[in-house]
There are 2 protein chains.
Amino acid sequence: MTDLLANRDAWLMTNCSIARALDVVGNRSTLLLLREASLGTRRFDDFATRVGISEPVAAARLKQLVADGLLERRPYREPGKRTRDEYVLTDKGAQLVPVLVALRQWGDTWAADAAGPSVRIAHHDCGAEVHAVLRCAGGHDVEPDELDVLPGPGLLRADAE
Amino acid sequence: MTDLLANRDAWLMTNCSIARALDVVGNRSTLLLLREASLGTRRFDDFATRVGISEPVAAARLKQLVADGLLERRPYREPGKRTRDEYVLTDKGAQLVPVLVALRQWGDTWAADAAGPSVRIAHHDCGAEVHAVLRCAGGHDVEPDELDVLPGPGLLRADAE
DNA sequence: TATCTGACTTTGCTAAACCTAAGCCAGCCT
DNA sequence: AGGCTGGCTTAGGTTTAGCAAAGTCAGATA
């Protein structure tokens, strides 16, 4: 194995999972809509007002999120009201929650106002505060400076061709 | 305490740590530049080519990242070469690594190509794969659907005024 | 002294993201 | 039947992000 990681210029940008993830959720309003969905918001107008975006943008982003499979749109009826559609997180969407928690945590630390954050996220079972942490398959807690970058299967395969 | 969380429309968007974090890192190229910095890239041209952005954009984003305190710009000299500047992650920037790991992990699962991801992230000490996980202060592993949203100090304070 | 290279900056343009304001439609309520 | 409400869509305009191509500048290297 030659120094694969040294000439990553060629491939990093074409087959990077971070870039791919950002193709789906790489803009502000999309992530904020997912924040709302994860907090339990379901109705169109609530999404728009709580995220602070206009209706046309909300409509476009929600449509895209449904197309990408992060939200599911389904009819429901409140008693005495007409049928309408609600948007709920799919499994694919719910798996972005760690990203949201990690972002919130960074914002709490580096960008909250003097009064502190407006929301705490707690474990439903025990009430204790929840954090995103790095952990290795060996069970160790990992700090950001303890990471190694290794070639993955996609890289090795591409190299063989 | 009345149902504070029901009328979150008013405050969520003005004092939300996720929104604040996204004010700093809420666009694609910024996050990709941080990816590169976390992988060890330091030189201007390498940032631009590896992220796949033009030089003017790289210059603008790097400048902003330095202004925001996520990167530090400092002179260095390779032996036999002239002095130049390199960009390195500050502590504030390094604390975004869990966000990047969580994004990568989501991309690996939902958006990688058939060959698999091109990079693996391993724990330097033991070589095992690293993941972003949710954990509560009580030490439990937490799933995305086991979260409760509670009012935080910023919300309570604002409410009291 | 002249050239080369890395690290930008400047110029001029396109495209994406977002806004406000207004319009539309379905179905429940009176 | 007529109006109200939720959930959008349409129209028109601004702001931000991005590109390509060319220019600048400082300090090695020849």
Side-chain angles (χ1 to χ4, degrees), chain A residues 6-7 9 13-14 19 22-37 40-68 71-88, chain B residues 6 9 13-14 16 18-19 22-37 40-68 70-88:
Chain A
N7 68 334
D9 305 35
M13 130 194 177
T14 56
L22 292 176
D23 287 340
V24 180
V25 296
N27 72 49
R28 182 187 171 80
S29 53
T30 299
L31 245 0
L32 292 177
L33 286 169
L34 289 170
R35 172 199 75 189
E36 278 311 311
T41 297
R42 310 197 150 197
R43 288 174 40 199
F44 180 85
D45 278 11
D46 289 339
F47 277 111
T49 53
R50 290 176 188 170
V51 168
I53 56 180
S54 63
E55 292 180 350
V57 173
R61 294 281 154 275
L62 287 171
K63 194 168 287 184
Q64 189 59 49
L65 282 166
V66 170
D68 289 336
L71 295 181
E72 189 190 342
R73 186 175 175 176
R74 58 185 195 207
Y76 80 114
R77 176 182 298 124
E78 283 177 9
K81 300 250 173 146
R82 71 188 248 220
T83 310
R84 58 172 73 104
D85 286 334
E86 62 177 358
Y87 298 89
V88 286
Chain B
D9 305 35
M13 125 192 181
T14 56
C16 169
I18 296 180
L22 292 176
D23 287 341
V24 179
V25 296
N27 72 51
R28 182 188 171 80
S29 53
T30 299
L31 245 359
L32 292 177
L33 286 168
L34 288 171
R35 172 199 76 189
E36 278 311 311
T41 297
R42 313 200 147 193
R43 287 174 41 200
F44 181 84
D45 277 11
D46 289 339
F47 277 111
T49 53
R50 289 175 187 170
V51 168
I53 56 179
S54 63
E55 292 179 352
V57 172
R61 294 283 152 273
L62 287 171
K63 193 167 288 183
Q64 189 59 49
L65 282 166
V66 170
D68 289 337
L70 306 197
L71 294 181
E72 189 190 343
R73 186 175 175 177
R74 60 184 195 207
Y76 80 114
R77 176 181 298 124
E78 283 176 10
K81 299 250 173 147
R82 69 188 249 220
T83 309
R84 58 173 73 106
D85 287 335
E86 63 178 356
Y87 297 88
V88 286

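Just so you know, these numbers use all the heavy atoms, side chains as well, and skip hydrogens, waters and symmetry mates. In what follows, chains carry the letters A, B, and so on, assigned in the order in which the sequence lines appear, proteins first and then strands, with residues in each chain numbered from 1.
- Atom CG of D85(A) is separated from atom C1' of dC25(C) by 14 Å (rounded to the nearest Å).
- Summarising the geometry, the separation between CD on Q64(A) and C1' on dT9(D) is reported as 17 Å, rounded to the nearest angstrom.
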Every protein N/O lying under 3.5 Å from an N/O of nucleotides 13-20 of chain C:
unit_1, atom_1, unit_2, atom_2, d
dC18(C), OP2, S29(A), OG, 3.0
dC18(C), OP2, R61(A), NE, 3.3
dC18(C), OP2, R61(A), NH2, 3.4
dC19(C), OP1, G52(A), O, 3.4
dC19(C), OP2, S54(A), N, 2.9
dC19(C), OP2, S54(A), OG, 2.7

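- Proximity note for R43(A) (side chain, C-beta onward) versus dG6(D), dT9(D), dT9(C): the nearest is dG6(D).
- Residues T30(A) and V24(A) come closest through the heavy atom pair CG2-O, 3.8 Å.
- Residues R28(A) and N27(B) are not in side-chain contact: their nearest non-hydrogen atoms beyond the backbone lie 4.5 Å or more apart.
- The distance from atom CG of D45(B) to atom P of dC8(C) is 9 Å, rounded to the nearest whole Å.
- To the nearest angstrom, P of dT24(D) lies 17 Å from CZ of F44(B).
- One atom, CZ of R73(B), and another, P of dG6(C), lie 17 Å apart when rounded to the nearest Å.
- Residue K63(A) places no side-chain N or O under 4.0 Å from the OP1 or OP2 atom of dC8(D).
- Side-chain N/O atoms of R84(A) include one lying less than 4.0 angstrom from OP1 or OP2 on dG7(D).
- For E86(A), the side-chain contact (heavy atoms from CB on, under 4.5 Å) partners are R42(A), R74(A), Y76(A), V88(A), not counting sequence neighbours.
- Between V51(B) and R35(B), the closest heavy-atom pair is CA-NH2, 4.1 Å.
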Would you mind writing out the side-chain donor-acceptor pairs for residues 52-67 of chain A within the sub-3.5 Å range, not counting sequence neighbours?
unit_1, atom_1, unit_2, atom_2, d
R61(A), NE, S29(A), OG, 3.3
Q64(A), NE2, D68(A), OD1, 3.1
Q64(A), NE2, D68(A), OD2, 3.3

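- Remark: C1' of dA17(D) and CG of L32(B) are 14 Å apart, rounded to the nearest angstrom.
- If you measure from atom CG of L62(B) to atom P of dG18(D), you get 12 Å, rounded to the nearest angstrom.
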- Query: Could you go step by step and tell me if V25(B) and L70(B) meet the side-chain contact (heavy atoms from CB on, under 4.5 Å) rule?
  - Reply: CA-CA 10 Å; V25(B) 296; L70(B) 306 197; 3.8 Å; yes

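- Y87(B) comes within 4.0 angstrom of sugar-phosphate atoms only, judged by non-hydrogen atoms across all strands, and of no base.
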